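Quick caveat: nothing in here was measured; it's all calculated off a predicted structure. The sequence lines fix the lettering, A, B, ..., with proteins before strands; numbering per chain opens at 1.
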Amino acid sequence: MTPEQGVLGTFVRPGDAARAVRALKAKGHRDVRVAMPAPFPEVVAAVGKPRSFVDYITLPGALAGLVGGLLLTILTSLAWRLVTGGKPIVSLPPFVVITFELTVLIGSLANLVALGFGIGRGGRPKHFPVHERFNGDVIGVFAAGGDPGSVEEVLRESGAEEVTRVG
Amino acid sequence: MTTPSFRSLEETVRATHGPPGPAYFVALGIAGAAAAFGGWSYSLIVREGLHWTGLERPGMWGNLITDFVFWVGIAHSGTLISAVLFLFRARFRTAIYRVAEMMTVFAVLTAGLYPILHLGRPWFAYWLFPYPNQRELWVNFRSPLVWDVFAISTYLTVSTIFLFVGVAPDAAALRDRAQGWRKRLYTLLAFGWRGTDEQWRHYTRAYLFFAAFATPLVISVHSVVSWDFAVSVLPGWHSTLFPPYFVAGAILSGVAMVITILVPLRRAFHLEEIITQHHFDMLSRLVLLTSAIVTYSYVTEILLAFQGPPHDPERSTFVYRMTGAYAPVFWLMVTCNCVGPTLLYFKAVRGRAWALLTICVLVNVGMWLERFNIVVTSLAHDRLPFDWRVYVPSWVEWAMTFGAFGWFFFLLLIGLKLIPPVSIAEMKEDLAHHADAAGAGMDHDA
């Protein structure tokens, strides 16, 4: 899979990378992407992406666990009516333990699935040019499309260590 | 102390995965031998029955249940350090939480064995899980034993996921400069990680959720374990104090175990620039705090018991604990868990690795004795005086107890050579901000 056409700048300092992203956006470049070895807050804020879809998978997962836990405990107790210690067949206080554990378990598994989907989507070479140093010691700022000359100028002015055209 | 650069941080962590020296193999051999001997001792029980243990009515719980509660407790601080301190934005956790998380997973793997080992017929352990069967029987969800199954298996699953999710960005950093089987291993652990903003966006959100799930879970699991005892009517067990008392004790023993592991690890892997005196100082304060809570719990349960008349079973049990056959266990427990940690009030003690290590090893001894004191003394001295009997663990039970330590350290030693023991990504975030705060910029190639 070949990357999209664009310009890639590498930065040593998170502050410079954040400045470059803001400057590119100010010049009208909407599609600015970043790769970095850690989630530097200033860079994340400059990129300004919307909230992750993980929320929409994890919460229903946790709710499914909650409902599943209640159904499992209540329905199986009704199916096998074993009276112990004179307690009611459907004793909700002890069932809360199982329901809580299943809420956490299914919620966590749903969270993992959502994360796996997000990592797969964001890790495609088409999304960002491959460069091993982005996991190591530099931050990459990639502007897809637009006028390459003006992007190069902005990246250099912001303190890019290296600027290359891609695609 | 010099601040490491991104590159030197990576190299330091990479060096921990270098070829091990003779000391590593000696430690691995001792741990493996202890685990194997424990396993062989257990095979006696499987082949010939529970008469190999010292268990006899009324003391039907002994070392094995003590070991179970002890190892669940050890598992706790890993999640505390990684999830709870993450939510509280306590930055000192970044250098130490990976080791704590590994400790958690291996401790739960150890603890989870015990309820099965303790069964008379362990091959029927699967009966504890609810599954459709021809007889249309279902498990009794009102039983604390079933709560344990759900709590421990959920805790193992969530803490394992949490560990490996945290490892992904670090494995990617190591993958890009690794070769051979290690490159394949890191590629697998990296989970397709490339560090793009799109990946970080989902990752940071999901990580927050994992921490949010793990935080109540860590409190619930040891509360559930405490209910194994508290829902019974036995004197010394039937108390509403048990859940917070058990959780505080679990954190105390877990943090003490983290320090016990980190002190030699830091020296062996040359991590002095990453795991600093500040980290030990903060962990020592945590030991001091939780020791104070545990001491308060000991005093509270004794004072509450002494509210009753002289013939009250609750009072009788606590008098027995302090003056009866198990009195040395009780007083040694108090010395290790309440008196010893008070030395950590002094900065000079917190600053000496050998002193810290000694206190923390003694806390672990004390916390094992605490569980023995709870499990055994109440059964040995129940409501029926004609039934009283002193339980003495057999050599098979001791072999299994030490075998569990062997199993745990065997797993840990292997894990330390496969999983980065420090969170590289979070350390980089910290380093960048320290450099920015100093106005010096980051020296990435130093």
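- By the 6.0 Å and 45° rule, B:Arg89 stacks over the aromatic ring of B:Phe86.
- Residues B:Ser82 and B:Glu101 come closest through the heavy atom pair OG-OE2, 2.8 Å.
- Classified by interplanar angle (parallel below 30°, tilted 30° to 60°, perpendicular above 60°), the ring pair B:Phe246/B:His222 is tilted.
- Classified by interplanar angle (parallel below 30°, tilted 30° to 60°, perpendicular above 60°), the ring pair B:His76/B:Tyr155 is tilted.
- In this structure, chain B has heavy atoms under 4.5 Å from both the backbone and the side chain of A:Leu72.
- Of the two parts of A:Asp55, the backbone and the side chain both hold a non-hydrogen atom closer than 4.5 Å to a non-hydrogen atom of chain B.
- Relative orientation of the B:Phe162 and B:Phe210 rings is tilted, given thresholds of 30° and 60° on the angle between their planes.
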Salt bridge (Lys or Arg N to Asp or Glu O under 4.0 Å) between B:Arg201 and B:Asp197: does it pass, once the steps are laid out?
CA-CA 6 Å; B:Arg201 182 165 74 101; B:Asp197 59 296; over 6 Å; no
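- Around the CD atom of A:Glu162, the shell of radius 6.0 Å holds no more than 12 heavy atoms that belong to other residues, nucleotides or ligands.
- Counting heavy-atom pairs closer than 4.5 Å to chain A, the top-ranked of the candidates B:Ser153, B:Ala214, B:Ala172 is B:Ala172.
- Residue A:Pro93: no heavy atom, backbone or side chain, is found under 4.5 Å from chain B.
- Using a 4.5 Å cut-off between heavy atoms, B:Ile161 contacts chain A through its side chain alone, with no backbone atom that close.
- Salt-bridge check for B:Glu198 with A:Arg33: failed, with every basic side-chain N at 4.0 Å or more from each acidic carboxylate O.
- With a threshold of 4.5 angstrom between heavy atoms, A:Val47 approaches chain B through side-chain atoms but not through N, CA, C or O.
- Contact annotation for B:Trp200: only side-chain heavy atoms (C-beta onward) come within less than 4.5 Å of a heavy atom of chain A.
- When A:Phe95, A:Phe117, A:Phe134 are compared by the number of non-hydrogen pairs under 4.5 Å with chain B, A:Phe95 comes out ahead.
- Put simply, of A:Thr58, A:Leu102, A:Val44, A:Thr73, the one with the most heavy-atom pairs under 4.5 Å next to chain B is A:Thr73.
- Among B:Tyr203, B:Trp193, B:Tyr207, the residue with the largest count of heavy-atom pairs under 4.5 Å with chain A is B:Trp193.
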Could you give me the CA-CA distance, side-chain angles and deciding distance for B:Val224 and B:Phe150, then say whether side chain to side chain contact (heavy atoms under 4.5 Å, CB included) is met?
CA-CA 10 Å; B:Val224 166; B:Phe150 276 76; over 6 Å; no
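- Neither the backbone nor the side chain of B:Pro144 comes within less than 4.5 Å of any heavy atom of chain A.
- For the set A:Gly107, A:Ala62, A:Gly116, the entry with the most heavy-atom pairs within less than 4.5 Å of chain B is A:Gly107.
- We find that B:Arg177 and B:Glu11 are joined by a salt bridge, their nearest charged nitrogen and carboxylate oxygen being less than 4.0 Å apart.
- Only the side chain of A:Val97 comes within less than 4.5 Å of a heavy atom in chain B; its backbone stays farther off.
- Using a 4.5 Å cut-off between heavy atoms, B:Glu136 touches chain A through its backbone atoms (N, CA, C, O) alone.
- Ranked by non-hydrogen atom pairs under 4.5 Å with chain A, the options B:Thr157, B:Thr154, B:Val158, B:Leu208 are led by B:Thr154.
- The candidate from A:Ala79, A:Ala35, A:Gly140, A:Ser77 with the greatest count of non-hydrogen atom pairs under 4.5 Å with chain B is A:Ala35.
- For A:Gly69 against A:Thr99, the heavy-atom pair with the smallest separation is C-OG1, 3.7 Å.
- Only the side chain of A:Phe100 comes within less than 4.5 Å of a heavy atom of chain B; its backbone N, CA, C and O stay farther away.
- Heavy-atom pairs under 4.5 Å with chain B peak, among A:Ile98, A:Asp16, A:Val54, at A:Ile98.
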